[in-house]
2 protein chains.
Amino acid sequence: MEFVKDQSAGYLANHMARIFAHGLTARIKPLGLTTGTFPALLELWDTDGLTQKQLVERLDIEQATMANTLARMERDGLVIRKKDPNDRRVQRVWLTDRARNLRGPAMAAAQEENAARLAALTAEEKRQFVALMQKVIQTRMPEKQGNV
Amino acid sequence: MEFVKDQSAGYLANHMARIFAHGLTARIKPLGLTTGTFPALLELWDTDGLTQKQLVERLDIEQATMANTLARMERDGLVIRKKDPNDRRVQRVWLTDRARNLRGPAMAAAQEENAARLAALTAEEKRQFVALMQKVIQTRMPEKQGNV
DNA sequence: AGCACTTGCATAGCTCGCTATTCAAGTATT
DNA sequence: AATACTTGAATAGCGAGCTATGCAAGTGCT
């Protein structure tokens with residue numbers, strides 16, 4: 001065969017991402033979280049009250065995807081959205097107490113999943129692996145170089 | 001608790017997979033293909049007439065996902081599904097002429113996308129990268145009880 | 001002031017992945 | 001032969017991602 005799927009970087013990336021997502025889904029389900037909320041939560045745990053626009057910029061996610069994700073998060077009591085009084089187009093996103101309290105357990109779950117998936121790699125391989133993924137990502141996003 | 005998303009393997013895997021998917025989507029759109037059909041097509045180009053069950057086993061995709069993907073492929077004139085006369089539960093999947101003719105261009109598109117995304121890596125890094133992803137995928141830790 | 005342009009977000013509608021459930025066809029047990 | 005179990009696929013319903021489009025609030029030009 002001219003194309004071996006298990007040697008194709010794109011195929012492997014997709015497969016691997018599904019495996020990570022599957023594992024993380026299971027680990028954070030007891031917390032009442034889903035994987036799609038994770039990136040937004042990470043940003044908000046660091047800086048509460050970001051605008052939707054700011055979240056989109058920080059996460060390389062489309063605006064429409066973020067709008068939908070935030071709607072689910074609001075529905076599930078993780079955030080509330082308030083119009084910025086200075087510019088009423090802007091929605092600022094604020095964590096609820098519940099979301100703030102999930103920071104520790106959620107980060108622990110993510111780290112456990114990472115550790116489990118990389119368990120077969122040596123410390124040096126883990127370092128290389130992360131560096132290579134960063135490099136591949138930055139190939140499309142040269143504007144972010146040095147910022148990672 | 002320190003968690004830097006751009007050093008998290010799972011986060012990077014997700015991000016990278018979205019980048020690959022985005023690129024491949026654009027490259028195969030002119031062919032009338034979408035990314036989800038690609039794995040099934042690769043198997044069928046190699047062995048036409050597989051059953052749905054066999055496709056599921058070969059691709060690490062859930063049965064329901066494959067059923068939906070094949071339904072879209074049939075709708076789009078890529079395959080036809082025929083009941084196996086020896087076991088009428090079984091659906092065998094057969095490529096159409098159109099799908100057979102797409103093999104060359106589709107594989108070329110995938111290889112071009114892979115090459116573009118890995119352009120910043122040396123030959124040795126590419127080899128390592130693929131090997132590391134294979135290793136991560138093949139790691140299947142037994143479910144831990146209580147302590148991960 | 002009035003008009004066009006820009007910006008931030010929401011909505012519609014799609015793919016693709018998942019879990020859970022249902023259904024029909026085969027197999028096995030009695 | 002009738003019943004129960006097993007197996008292959010389909011369906012329902014959701015999350016998460018995308019593109020395209022709509023709309024209201026702000027900005028700028030005249």
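Lettering follows sequence order; numbering is per chain, from 1.
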Checklist entry - Are OP1 or OP2 of C:dC18 and a side-chain N or O of B:T65 less than 4.0 angstrom apart? => result yes
Checklist entry - Using a cut-off of 4.0 Å on non-hydrogen atoms, how would the nucleic acid contact of B:R81 be classed: base, sugar-phosphate, or nothing? => result sugar-phosphate
Next on the checklist: Quick check for you: among D:dC18, D:dG15, C:dT15, whose closest atom lies nearest to any side-chain atom of B:T34?
Outcome noted: C:dT15
Checklist entry - Is a side-chain donor-acceptor pair under 3.5 Å present for B:N14 with B:R18? => result yes
Checklist entry - Which whole-number value in Å describes the distance from B:Q52 CD to D:dT11 P? => result 11 Å
Next on the checklist: If I take atom CG in residue A:N86 and atom P in nucleotide D:dG26, what distance separates them, rounded to the nearest angstrom?
Outcome noted: 10 Å
Item to check | Nucleotide nearest B:A67 when distance is taken to its side chain, options D:dC18, D:dA10, C:dT15 | outcome: D:dA10
Checklist entry - Looking across every strand, which nucleic acid part, if any, lies under 4.0 Å from B:A21 by heavy atom: base, sugar-phosphate, or nothing? => result nothing
Checklist entry - For B:R88 and D:dA9, is the shortest distance between a side-chain N/O and OP1 or OP2 below 4.0 Å? => result no
Next on the checklist: Can you see if the side chain of B:R72 gets near the phosphate of C:dC16 - specifically, an N or O under 4.0 Å from OP1 or OP2?
Outcome noted: yes
Checklist entry - Taking CD from B:Q63 and P from D:dG8, how many angstroms apart are they, rounded to a whole number? => result 10 Å
Item to check | Side-chain N or O of A:R75 closer than 4.0 Å to phosphate OP1/OP2 of D:dG15 | outcome: yes
Checklist entry - To the nearest Å, how far apart are A:K83 NZ and D:dA25 C1'? => result 10 Å
Checklist outcome for this item: Here the distance between atom P of D:dG13 and atom CD of B:E62, to the nearest Å, is 20 Å
Checklist entry - Of the candidate nucleotides D:dG26, D:dA20, D:dA10, which contains the atom at the shortest distance from the side chain of A:A64? => result D:dA20
Checklist entry - Counting side-chain heavy atoms from CB outward, which of C:dC9, D:dC18, C:dA25 is closest to A:I61? => result D:dC18
Next on the checklist: Whether B:T25 contacts D:dC18 is assessed here as follows: a side-chain N or O lying under 4.0 Å from the phosphate OP1 or OP2. Is that the case?
Outcome noted: no
Item to check | Options C:dT19, D:dG8, D:dA25, nucleotide nearest the side-chain atoms of A:D87 | outcome: D:dA25
Next on the checklist: Does the plane of the ring in A:F38 sit parallel, tilted or perpendicular to the ring in A:W45? Use 30° and 60° as the thresholds.
Outcome noted: perpendicular
